[in-house]
*Asks:* 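One structure, as structure tokens, below. Some questions next.
So you know, we letter chains A, B, ... as the sequences are listed, proteins then strands, and number each from 1.
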2 protein chains.
Amino acid sequence: MKTNLKIRVQALGDPTRMAIFERLEQGPLPVGEIARGLPVTRSAVSQHLKILKHVGLVTSQRAANRQIYRIDADGVAGLRDYFDRFWQESLQAFKHAAEKSSREKSR
Amino acid sequence: MKTNLKIRVQALGDPTRMAIFERLEQGPLPVGEIARGLPVTRSAVSQHLKILKHVGLVTSQRAANRQIYRIDADGVAGLRDYFDRFWQESLQAFKHAAEKSSREKSR
DNA sequence: ACTAACGGTTAGTGAAGACTAACCTTAAAA
DNA sequence: TTTTAAGGTTAGTCTTCACTAACCGTTAGT
């Protein structure tokens, strides 16, 4: 399982994978259930799930005949933290710019 | 400016756009400066910036001859909140599953 | 006015990758 | 044991889209 954050974003960049991901927000589902309602074949869904699993966004678990997929909370937490850092840094940059601007106005 | 969160993820799904985005984490930059150090032409960078701006991840501002691009903190906050929701929901689902499992073990 | 540097736009091309169809294994039910 | 349904894999096709090259307008300096 890759832990690189960028390839997780890349994985979710595909609309179908994003749809699968959002489908799993409701709760764990077997492959066939995920494919039902999506405009692609079960084969395509299976390939997408392989990628999502590989990048650490979902996990799977056998139940007899079925493979149950669910969202990997840790993987999602990584993404959240990643964007949180960007948010904080850009906010700080904005604050600096604002202060500088007000300094220039007051002279 | 589109406010749809999915297309922001889609926008960052491209490696070059992600590189541009991370480049802007250091601080605001003009187009030419961004292109310098990237393995693509300035034209490509300009097209990518157009997309990033369109989905609300960066903003731009003229300074005479130059276009200064910077990260849009609000846009990034949207992404963070989006993944935070997934994280919370999947964590809760995991907790439910764990409780159910321990109940079944204890009987 | 001319020149140089900036950035955006367009058309056309090439490569990456999403998709289907056909196949396989495995597990449970008949 | 045969059948049925599950899911994964592969080869091949086709579409999407990232990229370059050539162009344009704009601004500042000479």
*Asks:* Less than 6.0 Å separating the ring centroids of A/F86 and B/F21?
*Replies:*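 Centroid separation for A/F86 and B/F21: below 6.0 Å.
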*Asks:* A/Y69 has a side chain; which of D/dG8, C/dG8, C/dT20 sits nearest to it?
*Replies:* D/dG8
*Asks:* For DNA chain C, whose closest nucleotide is more 5', that of A/T16 or that of B/G32?
*Replies:*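 Its nearest nucleotide lies further toward 5', so the answer is B/G32.
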*Asks:* Quick one: what's the B/S/- string for nucleotides 24-30 of chain D, heavy-atom cutoff under 4.0 Å, read 5' to 3'?
*Replies:* --BBS--
*Asks:* Between D/dT20, D/dA18, D/dG8, which nucleotide gets closest to the side-chain atoms of A/V31?
*Replies:* D/dG8
*Asks:* Could you check which of D/dA18, D/dT10, C/dA18 has an atom nearest any side-chain atom of B/I51?
*Replies:*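 Selected nucleotide (nearest to the side chain): D/dA18.
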*Asks:* Between B/E22 and A/K6 (salt bridge meaning N to carboxylate O under 4.0 Å), is one present in this structure?
*Replies:*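 Yes, this pair counts.
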*Asks:* Mind calculating the distance between CG (A/L38) and P (C/dA18) to the nearest angstrom?
*Replies:* 15 Å
*Asks:* Just to confirm, is there a sub-4.0 Å distance from OP1 or OP2 of D/dT9 to any side-chain nitrogen or oxygen of A/K50?
*Replies:*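 Affirmative; the distance criterion is met.
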*Asks:* Would one find a side-chain N or O of A/H48 under 4.0 angstrom from OP1 or OP2 of C/dG17?
*Replies:*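 False: A/H48 side-chain N/O out of range (4.0 Å or more) of C/dG17 OP1/OP2.
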*Asks:* In this structure, how many angstroms lie between the P atom of C/dA29 and the CZ atom of A/R66, rounded?
*Replies:*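 After rounding, the gap between these two atoms is 10 Å.
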*Asks:* Picking from D/dG7, C/dC19, C/dG8, which would you name as closest to the side chain of B/S46?
*Replies:*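 The answer is C/dG8.
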*Asks:* Nearest whole angstrom, please: distance from the C1' of C/dT9 to the CG of B/L49.
*Replies:* 14 Å
*Asks:* Could you tell me the separation between the CG atom of A/L52 and the P atom of D/dG8, rounded to a whole number of Å?
*Replies:*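 Value for this atom pair: 12 Å.
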*Asks:* Checking contacts here: which listed nucleotide (C/dG7, D/dA18, C/dT10) is nearest the side-chain heavy atoms of B/Q67?
*Replies:* C/dG7
*Asks:* Whole-Å distance between D/dG7 P and A/I20 CD1?
*Replies:*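 Going from A/I20 (CD1) to D/dG7 (P), I get 13 Å.
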*Asks:* Are the side chain of B/R42 and the backbone of B/G32 linked by a donor-acceptor contact shorter than 3.5 Å?
*Replies:*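 Checking the backbone N and O of B/G32 against the side chain of B/R42, no donor-acceptor pair under 3.5 Å is found.
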*Asks:* Can you name the nearest heavy-atom pair linking B/G13 to A/Q10, along with the distance?
*Replies:* O-CG, 2.9 Å
*Asks:* Distance check needed: C/dA16 C1' versus A/D14 CG, whole Å only.
*Replies:*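 Going from CG in A/D14 over to C1' in C/dA16 covers 12 Å.
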*Asks:* Considering only D/dG7, C/dA18, D/dT20, which nucleotide approaches the side chain of A/P30 most closely?
*Replies:* D/dG7
*Asks:* Give a yes or no answer on whether the side chain of A/R80 reaches the backbone of B/W87 with a donor-acceptor pair at less than 3.5 Å.
*Replies:* no
*Asks:* I want to check one thing: is the phosphate of C/dG8, taken as OP1 and OP2, less than 4.0 Å away from some side-chain N or O of B/R42?
*Replies:* no
*Asks:* Which atoms form the tightest heavy-atom contact between A/H48 and A/T16, and what is the distance?
*Replies:* CD2-CG2, 3.6 Å
*Asks:* Taking the side chain of B/A44 as its heavy atoms from C-beta onward, which of C/dA22, D/dG7, D/dT20 lies nearest to it?
*Replies:* D/dT20
*Asks:* Please state how far atom CD in A/Q61 lies from atom C1' in D/dG8, giving the value in whole angstrom units.
*Replies:* 18 Å
*Asks:* Say whether A/V45 and A/I68 are linked into one hydrophobic cluster, either directly or through other cluster members, by side-chain heavy-atom distances under 4.5 angstrom.
*Replies:* no
*Asks:* Look at the side chain of A/Q47 and decide which nucleotide, out of D/dA18, D/dT20, D/dT10, has an atom nearest to it.
*Replies:*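 Closest of the options to the side chain of A/Q47: D/dT10.
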*Asks:* Is it true that a side-chain atom of B/R8 and a backbone atom of B/G75 form a donor plus acceptor pair closer than 3.5 Å?
*Replies:* yes
*Asks:* For A/Q10 and A/T41, take the nucleotide of DNA chain C holding the closest heavy atom to each; which residue's nucleotide lies nearer the 5' end?
*Replies:*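 Per heavy-atom nearest nucleotide, the more 5' residue is A/Q10.
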